[in-house]
Engineer: 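Before I ask anything, let me first share the structure, which is written out below as structure tokens.
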Protein chains: 2
Amino acid sequence: MSLPDDPRRTLAEDLRLRIADEIVQGTLVPGAALDETELAHRFEVSRTPVREAIRQLAASGLIDTKPHRGAVVARPTEAEIAGMFEAMADLEALCAARAAERMTGSERRALEAVQEELRALVHLGDPHQFLEADERLHDAIHAGAHNDYLADLTRATRARLQPFRHAPAREVGRLAASHGEHERVVVAIVRGDRDGAAAAMRDHVLIVRDDYGVYVAALPAAERPAPAP
Amino acid sequence: MSLPDDPRRTLAEDLRLRIADEIVQGTLVPGAALDETELAHRFEVSRTPVREAIRQLAASGLIDTKPHRGAVVARPTEAEIAGMFEAMADLEALCAARAAERMTGSERRALEAVQEELRALVHLGDPHQFLEADERLHDAIHAGAHNDYLADLTRATRARLQPFRHAPAREVGRLAASHGEHERVVVAIVRGDRDGAAAAMRDHVLIVRDDYGVYVAALPAAERPAPAP
DNA sequence: TGCGGCCGCCTTGCATACAAGCGCCCGGAC
DNA sequence: GTCCGGGCGCTTGTATGCAAGGCGGCCGCA
């Protein structure tokens with residue numbers, strides 16, 4: 001199962017990607033402890049590359065570490081999550097605005113093609129495929145902004161919030177609504193309407209945030225994000 | 001000289017701060033190689049904590065690493081630098097806008113106090129002290145936005161660009177001009193003028209970027225950032 | 001019986017030893 | 001003379017061993 005997939009990469013880099021994946025996929029839930037020895041055994045490597053992977057993930061914010069006390073999957077407070085959602089709305093809006101100004105013709109066509117895909121997937125009602133294509137749509141917009149640094153920041157923010165966007169997004173009603181919100185964004189971008197694209201994207205992200213809020217409120221208190229640090 | 005300053009922190013963390021400092025201060029220039037063994041000797045530690053520090057710095061973007069080929073201080077292309085400046089303008093503008101909306105009364109007064117300090121320092125003409133206070137002004141605005149995540153992103157971006165903002169900022173004429181630009185920002189924030197604060201801050205950052213462009217153009221070709229990746 | 005301090009285990013932090021990849025240099029051939 | 005290929009050295013990547021710090025449990029005392 002855990003053979004060294006790609007001998008070109010280093011073990012530490014490989015582990016970083018795998019652990020990050022387990023976090024954003026939800027296999028490792030926020031608050032879960034990351035035991036170096038256990039991870040080393042699980043991936044059949046020594047502790048050294050595990051430690052390096054953990055350090056990198058800590059720097060990227062996905063996990064929290066305290067000296068001599070180990071690492072846990074980051075478990076931000078409600079206020080921190082709210083702040084990250086707000087920042088994500090701003091960043092995504094910026095990307096959309098820039099994309100509206102700068103996308104090439106073929107980029108705009110590719111964007112519309114993904115949106116068409118999403119339209120089809122709404123009817124199929126498969127949340128997994130839908131979310132995958134949704135990610136591609138956002139990715140196309142980030143790339144269309146033609147600013148790699150901004151795109152990286154936005155993607156990193158999405159990754160950090162991913163563990164908190166998972167469950168609510170699976171509600172069926174959400175798919176169609178999400179598609180409609182995207183429609184406004186895509187139309188504005190293709191038309192070159194910078195401010196419209198930004199506004200539509202911001203609204204979309206803020207709706208996602210509100211959905212998350214509703215979802216959390218329905219959770220038993222023990223499973224909610226920590227209210228205090 | 002290099003005694004273990006604070007026994008509470010781990011060596012790796014300490015090294016990370018020290019190396020980051022040498023980069024933003026300009027002691028380690030973009031493109032300089034970071035030899036693990038050499039750093040280990042210089043700081044009188046083993047390679048292990050050095051490696052961990054390097055991994056964290058790589059994750060934060062201050063240095064570049066390639067497998068089996070070591071680490072160098074990040075040396076972004078001209079296009080990448082331009083993109084980071086653009087993103088910084090957007091981020092700082094966002095912070096300013098939020099600060100205009102959300103700063104408390106005492107935060108606004110503190111902001112004005114720093115601006116007063118800067119006014120005095122312009123006349124003294126000491127670039128070092130001026131830049132230090134300038135940093136405090138921006139920091140106060142980041143904090144005033146009341147969104148820690150956004151503030152962190154903005155500060156990280158400033159840190160990454162710091163090596164490229166150093167030299168041109170020392171021109172004497174720049175100080176007075178910079179102070180004037182700040183004045184617009186501070187007045188708008190204190191007044192609660194969200195859009196005005198954002199616009200003024202964006203202008204300020206873009207002027208800094210343009211100054212950098214002029215500075216680079218005057219440099220001998222060999223010392224300029226790489227034009228291609 | 002409840003509380004506080006001490007001891008020991010388990011985990012992380014650091015050092016060192018070993019392996020493996022990459023680049024450079026030199027030699028040979030065209 | 002130039003270009004290609006192989007060996008050597010230096011660097012990074014990984015494993016392992018050892019030390020130190022934190023936390024929980026246990027025991028003693030009030």
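Sequence lines set the chain letters: A, B, ... in the order given, protein chains first and strands last, and positions in each chain run from 1.
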Engineer: What is the distance, rounded to the nearest whole Å, between atom CD of A/Q56 and atom P of D/dG13?
Structural biologist: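 So the two atoms are 10 Å apart, to the nearest Å.
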Engineer: Does A/G83 offer a backbone N or O that forms a donor-acceptor pair with the side chain of A/E86 under 3.5 Å?
Structural biologist: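 Looks like no, no N/O pair under 3.5 Å.
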Engineer: Starting at atom CD of A/E38, determine the distance to atom P of C/dT12, rounded to an integer number of angstrom.
Structural biologist: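 Taking CD of A/E38 and P of C/dT12, I get 10 Å after rounding.
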Engineer: Which nucleotide in the set D/dT11, C/dG13, C/dA15 lies at the smallest distance from any side-chain heavy atom of A/E36?
Structural biologist: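 Given the options D/dT11, C/dG13, C/dA15, the side chain of A/E36 is closest to C/dG13.
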Engineer: Given atom NZ of B/K66 and atom P of D/dG13, what is their separation to the nearest angstrom?
Structural biologist: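 In whole Å, D/dG13 P lies 13 Å from B/K66 NZ.
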Engineer: Is a side-chain N or O of A/E22 found less than 3.5 angstrom from the main chain of A/I19, in a donor-acceptor match?
Structural biologist: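 No, the answer is negative, given that no donor and acceptor are paired below the 3.5 Å cut-off.
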Engineer: Taking any heavy-atom pair under 4.0 Å as a contact, classify A/L34: base, sugar-phosphate, or nothing.
Structural biologist: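 If one applies the 4.0 Å heavy-atom cut-off, A/L34 turns out to touch the sugar-phosphate alone, with no base involved.
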Engineer: Between B/H68 (NE2) and C/dC24 (C1'), how many Å, whole number?
Structural biologist: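 After rounding, the gap between these two atoms is 18 Å.
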Engineer: For the side chain of A/R69, starting at C-beta, report the closest nucleotide among D/dC23, C/dT12, D/dT14.
Structural biologist: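 When the side chain of A/R69 is considered, D/dC23 is the closest of D/dC23, C/dT12, D/dT14.
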Engineer: Let's see if you can work this out: which of D/dA15, C/dG13, C/dT16 has an atom nearest to the side-chain heavy atoms of B/S46?
Structural biologist: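 Selected nucleotide (nearest to the side chain): C/dT16.
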Engineer: Hey, which sits more toward the 5' end of DNA chain C by its nearest nucleotide, A/T48 or A/A71?
Structural biologist: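 Mapping each residue to its closest nucleotide by heavy atoms, the 5'-most match is A/A71.
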Engineer: Is there a donor-acceptor contact under 3.5 Å from the side chain of A/R47 to the main chain of A/E36?
Structural biologist: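 No, A/R47 side chain to A/E36 backbone: no donor-acceptor pair under 3.5 Å.
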Engineer: State whether the side chain of B/E80 and the backbone N or O of B/T77 hold a donor-acceptor pair below 3.5 Å, judged by distance alone.
Structural biologist: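 The answer is yes, because a donor-acceptor pair under 3.5 Å joins these two groups.
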Engineer: Rounded to the Å, how far apart are A/E52 CD and C/dA15 P?
Structural biologist: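 After rounding, the reported distance stands at 15 Å.
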Engineer: What is the distance, rounded to the nearest whole Å, between atom CZ of B/R9 and atom C1' of C/dC14?
Structural biologist: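 Rounding to the nearest Å, CZ of B/R9 and C1' of C/dC14 are 18 Å apart.
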Engineer: Please give, in whole Å, the distance from C/dA15 C1' to B/L39 CG?
Structural biologist: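 From B/L39 CG to C/dA15 C1': 17 Å.
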Engineer: Once you measure the plane-to-plane angle for A/F164 and A/Y212, does it fall in the parallel (<30°), tilted (30-60°) or perpendicular (>60°) bin?
Structural biologist: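 Perpendicular, since the angle between the ring planes exceeds 60°.
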Engineer: Whole Å only: how far is the CG atom of B/D35 from the P atom of C/dC22?
Structural biologist: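 One finds 18 Å between P of C/dC22 and CG of B/D35, rounded.
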Engineer: Confirm from the modelled atom types if A/R47 and C/dG13 form a donor-acceptor pair under 3.5 Å, side chain to base only.
Structural biologist: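 Under the 3.5 Å cut-off, the side chain and the base do form a donor-acceptor pair.
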